*Asks:* 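Here it is: the structure, laid out below.
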Amino acid sequence: MIVRLGYVAMSTVVENASPSRTMTATSFAKIADREAAVRKLERLAAENLHNTLRLLRHNRAHDIQLYRFSSRLIPLIGHELLADWDPIPTLADEFRTLGDYAKEHGMRVSFHPDHFTVLSTPREEVLRSSVEDLRRHTRMLEAMGLDDRAKCNIHVGGTYGDKNKAGERFIRHFQQLDDAVRRRITLENDDKTFTALETLAISERVGAPMVLDVHHHDVNPGGETIFSLWPRIAATWTGQDIPPKIHMSSPKSEKDPRGHADYVEADKLLAFLRTAAEAGTERLDVMLEAKMKDSALFKLMEDLGAIEGIALLDQSSFELRA
DNA sequence: ACCTGTCAAGTCTGG
DNA sequence: CCAGACTTGACAGGT
């Protein structure tokens with residue numbers, strides 16, 4: 001089995017390269033010259049996109065082909081103060097440059113809209129802003145010139161006291177989305193609400209691939225084992241032209257088991273990989289969610305290199321031999 | 001240069 | 001019905 005590792009949004013190695021610089025709504029509102037304030041937002045956004053390009057170059061230098069963009073590339077986008085502002089066309093060149101670079105180097109990139117994007121909501125206005133948020137993420141990927149393999153990963157959402165009804169609402173709302181948005185969505189199991197099995201059932205109903213978060217499953221297993229679920233989860237990726245993706249992280253502490261630790265334990269990844277290999281999975285992409293970001297990736301590669309049965313292929317991918 | 005409090009979102013819990 | 005917790009990186013304002 002061939003495994004590629006990736007990380008999320010920012011680097012702990014590259015300095016002064018935040019892809020998430022922002023401005024508060026309060027300070028935006030305080031600027032008397034609205035035109036100037038909007039230009040400032042656009043400068044911040046352009047800076048975020050440029051830093052993202054710097055991160056992609058860093059990734060290239062370290063053979064990292066799996067990366068999740070920050071969902072805060074454009075500050076205050078979607079805020080009610082900026083309802084008539086559409087910065088995506090303004091930033092077309094920056095987006096295109098990013099997408100071209102990612103394509104040129106075979107990178108698999110994605111977004112993960114914040115937890116405030118909830119399709120299971122019963123509230124009309126929350127649904128509307130969630131749909132708008134998904135549209136914006138889709139438009140950014142389109143502006144990069146990336147096809148449907150560049151995904152937007154989301155959770156099913158809240159349960160509102162009735163998980164079945166919430167799940168049905170999610171499915172209904174999902175099916176009302178534009179095709180272009182729907183085709184990019186992947187669903188991730190949650191650490192509090194929808195378990196892996198519940199998320200999987202919804203994934204199968206709506207035809208969206210499922211991203212298994214192993215840590216979330218450990219915290220919220222719902223009586224299931226990964227061993228029994230993985231073949232079905234892997235099957236949701238059939239026909240996608242990209243390997244299944246999982247999220248991997250280690251618990252922060254016993255006191256805070258839901259939190260993310262600085263690094264990722266090799267043993268835990270290895271245990272999962274053996275399960276996946278047994279189910280016949282040949283390629284897998286593993287997104288690391290660790291506080292130390294790319295440093296955690298480098299450390300994990302180091303740890304994996306010392307394990308028998310693992311052959312490092314480059315700085316960020318390896319083969320697990322049967 | 002550094003520290004502390006605040007921010008932005010939606011849901012859930014406790015009062 | 002409302003305040004606070006949750007989460008996280010970064011702002012904003014103070015020293």
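All chains are named by letter (A, B, ...) in the order of the sequence lines, taking the proteins before the strands, and each is independently numbered beginning at 1. This structure is a prediction, so every number in the text was calculated from the model and none was measured.
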*Asks:* Does B:dG10 have its OP1 or OP2 closer than 4.0 Å to a side-chain nitrogen or oxygen of A:R123?
*Replies:* no

*Asks:* Just to be sure I understand the rule, does A:S130 reach a base, reach only the sugar-phosphate, or reach nothing, if contact means heavy atoms closer than 4.0 Å?
*Replies:* nothing

*Asks:* With respect to the phosphate group of B:dA8, does any side-chain polar atom (N or O) of A:T26 fall under 4.0 Å of OP1 or OP2?
*Replies:*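 For B:dA8, OP1 or OP2 has a side-chain N or O of A:T26 closer than 4.0 Å.
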
*Asks:* Checking side chain to side chain contact (heavy atoms under 4.5 Å, CB included) between A:F318 and each of A:I307, A:L273, A:L300, which is the one that passes?
*Replies:*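 Testing each of A:I307, A:L273, A:L300 against A:F318, the sole residue satisfying side chain to side chain contact (heavy atoms under 4.5 Å, CB included) is A:L273.
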
*Asks:* C:dT8, OP1 or OP2 - any side-chain N/O from A:K252 closer than 4.0 Å?
*Replies:* no

*Asks:* Measure the acute angle between the ring planes of A:H137 and A:F111, then classify it against the limits of 30° and 60° as parallel, tilted or perpendicular.
*Replies:* perpendicular

*Asks:* Separation of A:Y160 atom OH from B:dT11 atom P, in whole Å?
*Replies:* 4 Å

*Asks:* Which of the following nucleotides, B:dT11, C:dA10, B:dC12, is nearest to the side chain of A:S18?
*Replies:*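 Nucleotide nearest to A:S18's side chain: C:dA10.
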
*Asks:* How long is the line joining CZ of A:R258 and P of B:dT11, in whole Å?
*Replies:*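 After rounding, the gap between these two atoms is 16 Å.
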
*Asks:* Identify which nucleotide among C:dA12, B:dG10, C:dA10 has an atom closest to any side-chain atom of A:M10, counting heavy atoms from C-beta outward.
*Replies:*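 Nearest to the side chain of A:M10 among the choices is C:dA10.
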
*Asks:* Do A:D133 and A:T117 pair up side chain to side chain, a donor and an acceptor below 3.5 Å, judged on atom types alone?
*Replies:* yes

*Asks:* Please confirm whether the shortest side-chain N or O distance from A:S27 to OP1 or OP2 of C:dA12 is below 4.0 Å.
*Replies:*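 So the side chain of A:S27 is within the cut-off, an N or O lying under 4.0 Å from OP1 or OP2 of C:dA12.
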
*Asks:* Can you measure A:L41 atom CG to B:dC7 atom P for me and round it to whole angstrom units?
*Replies:*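 About 18 Å, once rounded to whole Å.
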
*Asks:* Pair A:T97, A:E94 - check side chain to side chain donor-acceptor pair (under 3.5 Å), show working.
*Replies:* CA-CA 5 Å; A:T97 303; A:E94 287 85 349; over 6 Å; no

*Asks:* If you assign A:R72 and A:M23 each to the DNA chain C nucleotide with the nearest heavy atom, which residue ends up on the more 5' nucleotide?
*Replies:* A:R72

*Asks:* Considering every strand and a 4.0 Å limit on heavy-atom distances, what is the contact class for A:S70: base, sugar-phosphate, or nothing?
*Replies:* nothing

*Asks:* Roughly how many Å is it from NE2 in A:H115 to C1' in B:dG10, rounded to a whole number?
*Replies:* 10 Å

*Asks:* Can you tell me which nucleotide in B:dG10, C:dG9, B:dC12 comes closest to the side chain of A:T193?
*Replies:*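 Among B:dG10, C:dG9, B:dC12, the one nearest the side chain of A:T193 is B:dC12.
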
*Asks:* Starting at atom NZ of A:K163, determine the distance to atom C1' of B:dT11, rounded to an integer number of angstrom.
*Replies:*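 It works out to 14 Å between those atoms.
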
*Asks:* In whole angstrom, give me the gap between the P atoms of C:dG4 and B:dG5.
*Replies:*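 To the nearest whole Å, 16 Å.
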
*Asks:* Rounded to the Å, how far apart are A:I74 CD1 and B:dA8 C1'?
*Replies:* 16 Å

*Asks:* Given atom CG of A:N51 and atom P of C:dA10, what is their separation to the nearest angstrom?
*Replies:* 10 Å

*Asks:* Over how many whole Å does the gap from A:L76 atom CG to B:dT6 atom P extend?
*Replies:* 19 Å

*Asks:* Among B:dT11, C:dG9, C:dT8, which nucleotide sits nearest the side chain of A:H260?
*Replies:* C:dT8

*Asks:* So with a 6.0 Å cut-off around CD of A:E35, is the heavy-atom count from everything else above 12?
*Replies:* no

*Asks:* Is there a donor-acceptor pair closer than 3.5 Å between any side-chain N or O of A:H105 and the backbone N or O of A:R60?
*Replies:* no

*Asks:* A:K30 side chain: which of C:dA10, C:dG13, B:dC12 is closest?
*Replies:*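 Of C:dA10, C:dG13, B:dC12, C:dG13 is nearest to the side chain of A:K30.
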
*Asks:* Reckon A:T121 touches a base, only the sugar-phosphate, or nothing at all at heavy-atom distances under 4.0 Å?
*Replies:* sugar-phosphate

*Asks:* Return the nearest nucleotide to the side chain of A:K293; candidates are B:dA8, B:dT11, C:dG9.
*Replies:* C:dG9

*Asks:* Under 4.0 Å, heavy atoms only, any strand: does A:A25 hit a base, just the sugar-phosphate, or nothing?
*Replies:*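 The answer is sugar-phosphate, as A:A25 gets under 4.0 Å only of primed atoms, P, OP1 or OP2.
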
*Asks:* So, OP1 or OP2 of C:dG9: does either fall under 4.0 Å of a side-chain N or O from A:S20?
*Replies:*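 Indeed not, no polar side-chain atom of A:S20 lies that close.
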
